[in-house]
Amino acid sequence: MAAVQICDLHGHVGDPVTLRGWVVTTRSSGKIAFAVLRDGTGTVQGVLSKKEVSEETWASFGALTQEASVTMTGLVRDDPRSPGGVELSVTSLTPLGASPDFPISPKEHGTSFLFEHRHLWLRTRRQTAIARVRHEVEQAIRDYFYHEGFTLVDTPILTGAIGEEAGNLFATDYFDLGKAYLAQTGQLYVEAAAAALGKVYCFGPTFRAEKSKTRRHLTEFWMVEPEVAFNDSDANMRLQESFVSCIVARALERCREELKELERDPSVLERVQAPFPRISYTDAVTRLNGLGSDIKWGDDLGGDDETLLAKEFDRPVLVFNYPREVKAFYMKENPADPRTVLNNDCLAPEGYGEIIGGSQREDDYDRLLARIHQQGLDPEAYRWYLDLRKYGTFVHAGFGLGIERTVAWICGIPHIREAIAFPRQIHRLYP
Ligand code: 4AD
Ligand code: MG
């Protein structure tokens, strides 16, 4: 008998089937016993009657514990009261792997205990729901760019130039060439690719030796970074609102069950539709001061400011034209106010903060070189990057969306470390 997946059982009502999976719970009344089985595609209840199964099967049931792996054979029966609409009348049961004292029980555990057992914690309903939302978000991203005519360009993880900030680099010895840095961004490389292919994006892990232990920071996170030739900052913001609305709509459409498991109110996500409100950095500071923040013009928006400001809107908000002093060297100076740059952040509602950072890029050779000098970066490492301004320079813009922050927001979970299978933080490298 071929093995069947639990998600396909409704098509096998009345048939004998074999399932393989892990035990969630068991209970027994002495004559009738129940074992809930999951196989990664769903869960189903198996029912055993002592007088109808062999002594061996009955004894095997008695030895089952949480997360033991088993094979169960039986007849699929309609059962409108059960979650999948079916149950299994078990005829035989074969243990595969025992699971003595599985560490994660249905009772409450502390956070550090759970992260210490992340490899096992992943099997629980809430964690599988988050994993499926993440999977859908990543697929939605790939589909969006595919249908919009973008070309995926895979950028290097070992790099010779600093992408964002000298302060939080991971460095490693690189043969005779000195230090290599783990990429903080693929942006500089997709800028080169945009001059070759027009609309491009990269999608991969990025690394920042962030000392911050906030619920929004990881040392390794995934980022998707589109870059578009001839887009200015305004077109860049329009792309962001279309992109974010599309991802959220897809999660609402395809992850209903998961969002229900996570007790996420879908109505807050249903409001996420373009256009998004826009506010300049300068107006944002005034507004924040009115709300009680002591932020001064020239300061970067801190996490609390982002939360406070985003609370004023019912969907993500785009904050544009920040002071150049708090932003990266590659952002284009704003001709209307050279104290600022043509950039924007996208702030998610409900305290999730910045999910996107983007900008129009400095396309003038001399200004870019001056910025590199000002920030104390080594112009030699950026020779290739400067070449893009020397050979057919072009207006271009792009952004980076952080996957974990986006998934945490869509799922409504408080900390982004649950939005990735094996989070990396300053104090966590295990498992
Ligand atoms: O604002 P950031 O630093 O922008 C860039 O890296 C640009 N090079 C992107 C571009 O224009 N191509 O980071 C972009 C996003 C943030 O908005 C946030 O969502 C996420 O990456 N992010 C982090 N996520 C988790 N942990 C961290 N330490 C993060 N740092 C940034
Ligand atoms: Mg940023």
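Not measured: the values here are computed from a predicted model. Ligands are counted one by one from 1 in listed order, and the atoms in each one are counted from 1 as well.
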J.: If you take the nearest heavy atom of each of G358, A408, G400, which one is closest to atom 15 (C) of ligand 1?
T.: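 Comparing heavy atoms across G358, A408, G400, the nearest one to atom 15 (C) of ligand 1 lies in G400.
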J.: Considering only non-hydrogen protein atoms, determine which one is nearest to atom 3 (O) of ligand 1 and report residue, atom name and distance to 0.1 Å.
T.: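 Protein heavy atom with the smallest distance to atom 3 (O) of ligand 1: R208 NH1, 2.7 Å.
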J.: Just to confirm my output: which protein heavy-atom neighbour is closest to atom 18 (C) of ligand 1, and how far is it?
T.: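 Scanning the protein heavy atoms, the shortest distance from atom 18 (C) of ligand 1 goes to R405 NH1, 3.6 Å.
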J.: I need the contact type for E225 against ligand 1. Using non-hydrogen atoms and a strict under-4.0 Å cut-off, is it side chain, backbone, both or neither?
T.: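 Under 4.0 Å from ligand 1, E225 contributes side-chain atoms alone.
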J.: Look at the rings of W222 and F203 and say which category their plane angle falls in: under 30° parallel, 30 to 60° tilted, over 60° perpendicular.
T.: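 W222 vs F203 ring planes: perpendicular.
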J.: Within the distance-only criterion (no hydrogens, no angle test), does the side chain of R118 pair as donor or acceptor with the backbone N or O of P431 below 3.5 angstrom?
T.: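 Between the backbone of P431 and the side chain of R118 there is no qualifying donor-acceptor contact (under 3.5 Å).
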J.: So, E253 and R250, do they make that salt bridge, N to O below 4.0 Å?
T.: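 No.
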J.: Counting heavy atoms only, which part of I355 comes closer than 4.0 Å to ligand 1: side chain, backbone, both or neither?
T.: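 I355 to ligand 1: backbone contact only, side chain stays beyond 4.0 Å.
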J.: Do D79 and Q45 have side-chain atoms, one donor and one acceptor, less than 3.5 Å apart?
T.: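 Absent: no donor and acceptor within the cut-off.
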J.: Under 4.0 Å from any heavy atom of F399, which atoms of ligand 1 are there?
T.: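 It comes down to these atoms of ligand 1: 9 (C), 10 (C), 11 (O), 12 (N).
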J.: Determine the sole option in Y201, Y144, F276 for which the ring pair (Phe, Tyr, Trp, His ring centres under 6.0 Å) test with F243 is passed.
T.: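 With F243 as partner, ring pair (Phe, Tyr, Trp, His ring centres under 6.0 Å) holds for just one option, Y144.
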J.: For I162, run the side-chain contact (heavy atoms from CB on, under 4.5 Å) check against L169, L188, T185 and tell me which one passes.
T.: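 Result: among L169, L188, T185, L169 is the only option passing the side-chain contact (heavy atoms from CB on, under 4.5 Å) with I162.
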J.: Nearest non-hydrogen atom to atom 24 (N) of ligand 1 belongs to which of Y330, F221, F207, W409?
T.: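 Minimum heavy-atom distance to atom 24 (N) of ligand 1 goes to F221.
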J.: Mark up the atoms of ligand 1 that fall under 4.0 Å of a heavy atom belonging to M223, in ascending order.
T.: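 Heavy-atom distances to M223 below 4.0 Å select 6 (O), 13 (O), 14 (C), 15 (C), 21 (O).
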J.: Hey, which protein N/O/S atoms does the Mg ion (ligand 2) have under 2.8 Å?
T.: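 The answer, once waters are left aside, is E354 OE2.
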J.: Out of all atoms in ligand 1, which are within 4.0 Å of some heavy atom of I356? Include the element for each.
T.: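 Those atoms are 17 (O).
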J.: Is a side-chain N or O of Q66 found less than 3.5 angstrom from the main chain of I104, in a donor-acceptor match?
T.: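 Yes, the answer is positive, given that a donor and an acceptor are paired below the 3.5 Å cut-off.
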J.: Going by ring pair (Phe, Tyr, Trp, His ring centres under 6.0 Å), F115 matches just one of Y430, W121, F422. Which one?
T.: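 The ring pair (Phe, Tyr, Trp, His ring centres under 6.0 Å) with F115 is passed solely by W121 among Y430, W121, F422.
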J.: Looking only at protein heavy atoms, identify the closest one to atom 28 (N) of ligand 1 and say how far it is in Å.
T.: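 Residue, atom and distance for the closest contact: L218 O, 2.9 Å.
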J.: Can you check whether N321's main-chain N or O pairs, donor with acceptor, with N343's side chain at less than 3.5 Å?
T.: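 Flag set: sc N343 to bb N321 pair under 3.5 Å.
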J.: With respect to Q184, determine whether any N or O atom, backbone or side chain, lies less than 3.5 Å from an N or O atom of ligand 1.
T.: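 No.
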J.: Need the ligand 1 atom indices (1-based, order shown) with element for anything under 4.0 Å from a heavy-atom of G357.
T.: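 It comes down to these atoms of ligand 1: 1 (O), 9 (C), 10 (C), 11 (O), 17 (O).
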J.: State whether a side-chain donor-acceptor pair under 3.5 Å links S359 with R361.
T.: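 Present: a donor and an acceptor within the cut-off.
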J.: What I'd like to find out is whether the side chain of H135 reaches to under 4.5 Å of the side chain of E258, using heavy atoms alone.
T.: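 The answer is no; the side chains never approach within 4.5 Å.
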J.: Taking only residues two or more places apart in sequence, or in another chain, which ones meet D8 in a side-chain hydrogen bond (donor to acceptor under 3.5 Å, both in side chains)?
T.: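 Checked D8 against side-chain hydrogen bond (donor to acceptor under 3.5 Å, both in side chains); zero matches.
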J.: Under 4.0 angstrom from ligand 1, any heavy atom of E354?
T.: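 Judged by the 4.0 Å heavy-atom criterion, E354 does count as contacting ligand 1.
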J.: Atom OG1 of T214 and atom CD1 of I416: how far apart are they, to the nearest 0.5 Å?
T.: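 If we round to the nearest 0.5 Å, T214:OG1 and I416:CD1 are 7.0 Å apart.
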J.: Is the closest heavy-atom distance from S359 to ligand 1 below 4.0 Å?
T.: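 Not so, S359 does not reach ligand 1.
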J.: Heavy atom under 4.0 Å from ligand 1: found in R361's side chain, backbone, both, or neither?
T.: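 Under 4.0 Å from ligand 1, R361 contributes side-chain atoms alone.
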J.: What residue and heavy atom of the protein are closest to atom 7 (C) of ligand 1, and at what distance?
T.: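 Sorting protein heavy atoms by distance from atom 7 (C) of ligand 1 puts E164 OE2, 3.2 Å first.
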J.: Would you please determine whether E227 falls within less than 4.0 Å of ligand 1 on a heavy-atom basis?
T.: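 Under 4.0 Å: no for E227.
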J.: Is ligand 1 under 4.0 Å from a heavy atom in the side chain of Y352, in the backbone, in both, or in neither?
T.: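 For Y352, no heavy atom sits under 4.0 Å from ligand 1.
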J.: So for I416, does at least one of its heavy atoms come nearer than 4.0 angstrom to any atom of ligand 1?
T.: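 I416 counts as a contact of ligand 1 under the 4.0 Å cut-off.
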J.: Any side-chain donor-acceptor pair under 3.5 Å between R142 and Q139?
T.: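 Judged by distance alone, the side chains do not pair up.
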J.: Show me which atoms of ligand 1 lie under 4.0 Å from any heavy atom of R216.
T.: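 Those of ligand 1 that fall under 4.0 Å from R216 are 25 (C), 26 (N).
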J.: I'd like to check which ligand 1 atoms, numbered from 1 as shown, lie under 4.0 Å from a non-hydrogen atom of E210.
T.: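 Every atom of ligand 1 under 4.0 Å from some heavy atom of E210: 28 (N), 30 (N).
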J.: Could you give the distance from CZ (R208) to CZ (F170), rounded to the nearest 0.5 Å?
T.: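 Here the interatomic distance stands at 11.5 Å.
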J.: Between F329 and R371, is there a cation-pi geometry (under 6.0 Å to ring centre, at most 45° from the normal)?
T.: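 Because its charged atom misses either the 6.0 Å distance or the 45° angle limit, R371 does not stack over F329.
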